[in-house]
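The structure appears right after this line, and notes come after that.
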Amino acid sequence: MSILLRVVVPDQPGSLGAVASAVGMAGGDIVGVDVVEHRADGTAVDDFLIDLPAGKLPDTLVSACLSVDDVDVEFVGHYSPGAGLHRDLEAVEAMTEDPRRALEVLVDLLPGVFRSGWALLLAADGSTLRVERAAGGAPEADGYEAPWLPLATAARLPTHEGWAPESWHDVVAVGAPVASTGQTVVFGRDGGPRILDSELARLAHLVALAQVVGRGPQSPGLGQRERQHLGGSGVA
């Protein structure tokens, strides 16, 4: 089975390797690793995508990681079979290949970029949820009244309040507005892990870049200015 493991490690050389070694000793096959966040307290948050053999329990991965000094496990859970980890720059490159559909392409790729279960592109319809595009196993949404719409800035969504149908109650989700259109891009995780501030900022940045790509010339590559902007935001 595929497992997503989120760990907090000392932000120093050797920490990532020590966790990887512990996971390997526990029988896990690491498919991908992504550094999600560098924190001011000297730690880093890393996501591991791991294939675990039949008969092995995810708890063995937790125990292995906790055996490494100063390492904490923030989340462990099943990950969609066949899914992968994608980098933000890969998503932007894919958008430039079909600029007229940049927002739709972004929504399709968001579950891989953020290890989320699903993503939505919501139409501009006041406070009513109208789905233009869905990726992954998104919960029911069409036609519900959401008091958080329209969004002015990227924000965490109140999924436990009265507006939400039952399928949203165990969801952590964030959304970012598509400037000047009234549309909103949303992604969510069923049961966690929690969405970090750095991930919320990355979503807002990717949505803004989708608009830049959509307005620009239909060229097969990303311009130097956009590459510098993406890299300067720490998401390349």
Side-chain angles (χ1 to χ4, degrees), residues 80 86-190 194-219 222-223 225-226 229-230 233 235:
S80 301
H86 304 296
R87 302 296 296 170
D88 299 48
L89 186 57
E90 292 177 55
V92 178
E93 292 284 13
M95 289 189 286
T96 64
E97 294 176 1
D98 193 357
R100 287 177 296 182
R101 297 181 58 254
L103 276 172
E104 294 179 2
V105 171
L106 176 60
V107 169
D108 290 345
L109 294 177
L110 281 180
V113 171
F114 289 102
R115 278 76 65 201
S116 67
W118 50 270
L120 297 171
L121 174 61
L122 302 177
D125 194 7
S127 62
T128 303
L129 293 172
R130 297 294 180 196
V131 178
E132 288 189 9
R133 185 83 174 182
E140 58 180 319
D142 231 31
Y144 285 92
E145 292 296 315
W148 44 269
L149 279 176
L151 286 178
T153 60
R156 292 176 175 83
L157 307 184
T159 58
H160 297 281
E161 295 184 0
W163 73 270
E166 187 176 351
S167 55
W168 284 72
H169 288 179
D170 194 36
V171 164
V172 291
V174 293
V178 183
S180 303
T181 69
Q183 296 168 295
T184 306
V185 175
V186 174
F187 79 79
R189 296 174 179 145
D190 300 329
R194 66 190 180 92
I195 298 170
L196 304 177
D197 289 345
S198 60
E199 295 177 295
L200 183 58
R202 285 168 54 206
L203 173 64
H205 186 62
L206 284 170
V207 171
L209 283 173
Q211 289 191 275
V212 171
V213 171
R215 289 195 298 263
Q218 296 183 27
S219 60
L222 184 66
R225 181 177 179 182
E226 284 75 20
H229 189 33
L230 187 59
S233 297
V235 296

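Because the structure is predicted, anything quoted here is derived from the model rather than measured.
Between F114 and I195, every side-chain heavy-atom pair lies at or beyond the 4.5 Å cut-off. Counting heavy atoms from C-beta on, the side chains of V178 and T184 never come closer than 4.5 Å. Between V92 and L206 the shortest side-chain heavy-atom distance falls below 4.5 Å. Q211 is listed as a side-chain neighbour of T181, based on a closest heavy-atom distance under 4.5 Å. The shortest distance between side-chain heavy atoms of L157 and L151 falls below 4.5 Å.
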Audit row: L110, L203, side chain to side chain contact (heavy atoms under 4.5 Å, CB included) steps and yes/no: CA-CA 9 Å; L110 281 180; L203 173 64; 4.1 Å; yes

Worked verdict on D142 versus L129 for side chain to side chain contact (heavy atoms under 4.5 Å, CB included): CA-CA 5 Å; D142 231 31; L129 293 172; 5.6 Å; no

Criterion side chain to side chain contact (heavy atoms under 4.5 Å, CB included) on D88 and H205, from CA distance to verdict: CA-CA 10 Å; D88 299 48; H205 186 62; over 6 Å; no

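For the pairing with R133, the side-chain contact (heavy atoms from CB on, under 4.5 Å) check across L103, L120, D108 returns one residue only, D108. Under the side-chain contact (heavy atoms from CB on, under 4.5 Å) rule, P99 has a single partner from V105, V213, V212, which is V213.
Between the CD atom of E140 and the CD atom of E166 there is a distance of 9.0 Å, given to the nearest 0.5 Å. Separating the CG atom in L149 from the CG atom in D125 is a distance of 9.5 Å, to the nearest 0.5 Å.
The backbone N or O of V171 lies less than 3.5 Å from a partner atom in the side chain of T159, making a donor-acceptor pair. Listed for the H160 side chain is a donor-acceptor partner under 3.5 Å among the backbone atoms of H169. Under a 3.5 Å cut-off, the side chain of R189 and the backbone N or O of R194 do form a donor-acceptor pair.
Across all non-hydrogen atoms, the minimal contact from A152 to P177 is O-CG, 3.7 Å.
Below 30°, between 30° and 60°, or above 60°: for W163 and W148 the angle between ring planes is above 60°, a perpendicular geometry.
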